[in-house]
Amino acid sequence: MPGDESWHHAVTGDAIEPPASFAEQANVTDPDLREQFAREWPDCWSRAADLLDWSDDYDAVLGGDGPPFRWFDGGTLNASYNCVDRHLDERKNQVALTWEGRLGEFRSYSYLDLYREVNEFAAALRELGVEEEDVVTLYMPVVPELPIAMLACARIGAPHSVVFAGFSADALAMRMDDADSEYLVTCDGYYRRGAPVHQKNKADNAAIALDDGIEATVVVDRLGVRDGGESSDAADDAPLAADEYDYDDLVTAHRGETVEPVPRDATDQLFLIYTSGTTGEPTGVRHTTGGYLAHAAWTSHAVLDIRPEDTHWCSADIGWITGHSYTVYGPLALGSTTMLYEGTPDHPEKDRVWELIERNAVDVFYTAPTAIRAFMKWGEEHPASHDLSSLRLLGTVGEPINPRAWKWYHEHIGNGECPVVDTWWQTETGGMMVTTLPGVDDMKPGSAGRPLPGIDAKVVDGDGEPVEPGETGYLVVTSPWPGMPLSMVEDDGWFAEQRPLYPDLSEYDWAYFTEDGATVDEDGYVTLLGRVDDVINVSGHRLGTMEIESAIVGVEGVAEAAVVGGDHELKGEAVYAYVITEDGYDGDEDLRERIIAGVEDAIGPIARPEEVVFTTELPKTRSGKIMRRLLEDIANGETLGNTSTLRNPEVVEDIQSKVSND
Ligand code: WT7
């Protein structure tokens with residue numbers, strides 16, 4: 001908790017000025033932009049809206065006295081038109097999407113190619129019965145058909161719900177049920193570290209578990225089996241059922257057809273995406289068409305400094321919000337080339353990422369600290385063996401980056417010449433909120449930076465008062481922003497109901513608590529200290545401890561479970577599960593394996609416990625609350641403070657002896 005002495009105070013390094021060579025050519029060069037935005041708020045945000053083409057102009061930048069907050073009220077637009085059609089005049093032959101598959105294949109789509117296939121697939125979706133406002137679930141790895149399907153949905157006003165391909169059948173079913181989604185686009189399978197993952201089998205199992213049925217399933221032939229490829233697995237070439245359609249057949253059947261982009265209200269939903277929070281079940285976060293797209297485009301322009309002639313690589317999976325905003329919507333809205341990579345960074349060799357950057361002459365590279373830590377560990381000889389001089393800017397997102405990793409990235413990848421933007425934001429914020437303007441602001445390794453122009457973020461104490469420099473507190477946002485989700489737009493109580501409010505924010509007309517702890521320095525630079533809720537950040541992905549616990553107690557032989565995050569060199573945090581067995585069951589290898597399988601079935605391999613510790617009791621306070629902080633300290637091998645306030649202090653030593661701290 002902030003204020004708690006156990007919180008490490010991240011030491012920020014010396015400030016580094018933006019290189020003059022970069023600042024000269026940056027998209028944003030005005031040092032007074034923050035002041036100007038503050039003076040002109042909310043009208044300042046018309047700058048973001050101006051990056052888009054509107055079918056009907058909006059009447060007000062921020063309509064209503066809020067809530068509800070109606071960004072670009074009265075305006076209508078279509079996201080697919082903005083990301084595709086409007087670029088045809090100037091750059092129909094420029095590459096829009098370039099893709100590298102896991103097996104070394106590559107494909108690229110010009111804006112004209114993208115236009116054609118988005119239209120054809122939109123026509124196919126219509127024919128299958130998809131209407132405006134119907135939610136279409138997309139369950140695929142990073143293949144070009146995924147952004148194409150997203151844009152096809154956007155074209156006909158059907159919100160998409162992309163479910164990360166690594167999630168399990170149960171996780172998919174839960175999300176489809178929650179969204180009342182009756183249309184699914186998936187693939188037969190895909191390769192992961194050389195072995196096929198049977199995605200369609202997972203989708204079939206999800207279909208069985210759904211409350212309502214599926215109207216239609218579209219299957220992308222990723223394994224190439226139905227087209228005569230090879231697979232030893234009979235399941236891969238099973239014929240499609242009556243309500244199942246082959247993606248290529250659909251697109252071919254609609255060859256050359258066009259679909260008028262449906263004008264959507266700025267406040268209409270563009271998509272939804274699920275994220276973990278303090279409640280046991282993932283929450284669907286619904287993003288708007290106008291506000292979200294303007295926020296994604298503006299931050300791609302102002303922070304990632306993207307311009308049309310650039311090749312941009314955001315290495316996040318499109319299944320997460322980062323991929324939505326900075327692989328698909330932001331870069332395509334700006335008319336640049338966005339690069340997709342399906343594989344892993346160390347396959348076939350540990351220089352894979354650098355080889356891709358060199359071969360594609362990538363200008364802007366945006367990745368996660370967890371990846372940078374792995375690159376560091378693999379050694380600087382890998383990037384050194386490639387020409388990375390095409391790079392102009394580097395970015396990170398997802399978790400705090402320590403100054404050492406920041407400096408390594410800056411020096412070994414950016415050759416000391418590329419600014420590094422450490423971008424803080426969340427699934428809920430839709431786009432970047434706290435970071436540096438790369439052509440204007442000094443960089444401080446380890447610190448994200450100041451709130452972006454027009455963003456009212458602050459670090460406050462428990463009473464909602466801004467903290468003094470150097471003190472720790474809670475990061476809150478006290479004014480609405482364009483990328484805010486519909487749930488917040490509509491309902492001032494949303495954040496209060498969904499989240500146990502730590503700080504008292506009653507003095508603000510409106511406020512959003514991010515559930516991150518932070519500190520701020522005398523220049524207003526915010527350093528993030530991690531989550532204050534029961535969320536674990538594994539490799540930059542939010543996982544709810546309650547979700548994992550409920551998966552574990554669902555395993556036969558488990559009586560009780562507590563899940564916490566322990567520090568992990570590469571992943572940032574790892575899942576530690578403390579488990580009490582039921583009478584008659586032993587905490588043996590068999591149960592451990594069933595627990596891991598149970599978590600993988602309920603959520604997916606990403607939530608797999610790093611360690612399962614069997615114990616007879618969990619450390620509890622006299623009032624019966626599990627002492628999670630103590631379990632975290634044990635996971636991290638830290639010396640424990642006073643345990644005498646526990647009801648059962650004797651269990652601590654026993655648990656400690658069972659945890660391997662390596
Ligand atoms: C949480 C949001 C939207 C980006 C991908 C993750 C942490 C994100 C940073 C950063 C420190 C960061 C926060 C935040 N986080 N970026 N630059 N520095 N922490 O999206 O899954 O919604 O997770 O990721 O804890 O609350 P998400």
Side-chain angles (χ1 to χ4, degrees), residues 2 8 10 12 162 164 167 272-278 282-285 287 292 295-296 299-300 303-304 314-327 329-330 366-373 394-403 405-406 409 420-436 443-452 457 459 474-477 481 483-485 495 498-499 502 512-520 525-544 547 565 571-573 606-607:
H8 67 285
T12 50
V162 182
F164 172 59
F167 277 141
L272 75 160
I273 182 166
Y274 284 84
T275 193
S276 297
T278 315
T283 316
V285 179
H287 279 291
Y292 167 83
H295 195 135
T299 46
S300 297
V303 181
L304 294 177
C314 161
S315 73
D317 193 291
I318 295 175
W320 313 116
I321 189 72
T322 310
H324 281 59
S325 302
Y326 300 109
T327 298
Y329 286 112
Y366 189 39
T367 193
T370 180
I372 298 169
R373 290 191 294 268
L394 301 171
T396 78
V397 60
E399 50 178 324
I401 180 165
N402 63 48
W406 192 104
Y409 192 36
V420 174
V421 289
D422 173 356
T423 63
W424 179 92
W425 58 294
Q426 304 180 306
T427 305
E428 290 86 341
T429 70
M432 298 164 183
M433 300 287 277
V434 179
T435 183
T436 47
M443 301 168 270
K444 299 191 186 187
S447 172
R450 286 181 290 167
L452 282 172
V459 181
Y474 306 98
L475 182 65
V476 300
V477 189
W481 65 94
M484 71 198 297
F495 55 95
Q498 298 283 322
R499 332 198 120 173
Y502 293 86
Y512 165 64
F513 174 34
T514 66
E515 302 209 309
D516 274 325
T519 172
V520 64
Y525 277 59
V526 177
T527 296
L528 280 302
L529 301 172
R531 305 278 303 179
V532 301
D533 58 4
D534 294 328
V535 164
I536 307 179
N537 191 328
V538 180
S539 303
H541 304 304
R542 268 159 74 177
L543 301 171
E547 270 170 87
K571 298 179 188 170
E573 282 189 288
I606 187 168

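When a ligand or atom number is given, it counts from 1 through the structure's own listing order. Nothing fancy with the numbering, it's 1 onward along the sequence.
In this structure, His295 contributes its side chain and Met432 its backbone to a donor-acceptor pair below 3.5 Å. Put simply, the side chain of Glu573 gets close to the backbone of Asn537: a donor and an acceptor are under 3.5 Å apart. Side chain of Thr427 to backbone of Thr275: no donor-acceptor contact under 3.5 angstrom is found.
Using a 4.5 Å heavy-atom cutoff, the side chains of Val459 and Tyr474 are not in contact.
The shortest N or O to N or O distance between Thr423 and ligand 1 is under 3.5 Å. Looking at Thr396 next to ligand 1, no N or O pair under 3.5 Å apart turns up. Residue contacts with ligand 1: Thr322 is placed with no nitrogen or oxygen under 3.5 Å of a nitrogen or oxygen of the ligand (distance criterion only). The shortest N/O to N/O separation between Asp422 and ligand 1 falls below 3.5 Å.
Among protein heavy atoms, atom 6 (C) of ligand 1 sits closest to Gly540 O, 4.0 Å. Atom 10 (C) of ligand 1 has Glu399 O, 3.6 Å as its closest protein atom, hydrogens excluded (heavy atom only). The closest protein non-hydrogen atom to atom 23 (O) of ligand 1 is Arg542 CD, 2.8 Å.
The shortest separation from a heavy atom of Gly398 to ligand 1 is under 4.0 Å, placing the residue in contact. For the ligand labelled ligand 1, residue Arg531 lies inside the 4.0 Å heavy-atom shell.
Rounded to the nearest 0.5 angstrom, Met433 CE and Tyr512 OH are separated by 8.5 Å. Taken to the nearest 0.5 Å, the NE2 atom of His287 stands 7.5 Å off from the CD1 atom of Ile273.
The atoms of ligand 1 that sit less than 4.0 Å from any heavy atom of Thr427 are 20 (O), 21 (O), 22 (O), 27 (P). Taking every heavy atom of Ile321 and a limit of under 4.0 angstrom, the matching atoms of ligand 1 come to 3 (C). When each atom of ligand 1 is checked for a heavy atom of Pro400 under 4.0 Å away, the hits are 11 (C), 18 (N), 19 (N). Within ligand 1, the atoms closer than 4.0 Å to a non-hydrogen atom of Leu528 are 11 (C), numbered from 1 in the order shown.
Of the listed options Val285, Asp516, Val397, Asp533, Asp516 places a heavy atom closest to atom 25 (O) of ligand 1.
In this structure, Tyr274 has its ring center no closer than 6.0 Å to that of Trp320. Not less than 6.0 angstrom separates the ring centroid of Trp424 from the ring centroid of Tyr525.
A side-chain donor from one of Tyr292 and Ser325 sits under 3.5 Å from a side-chain acceptor of the other.
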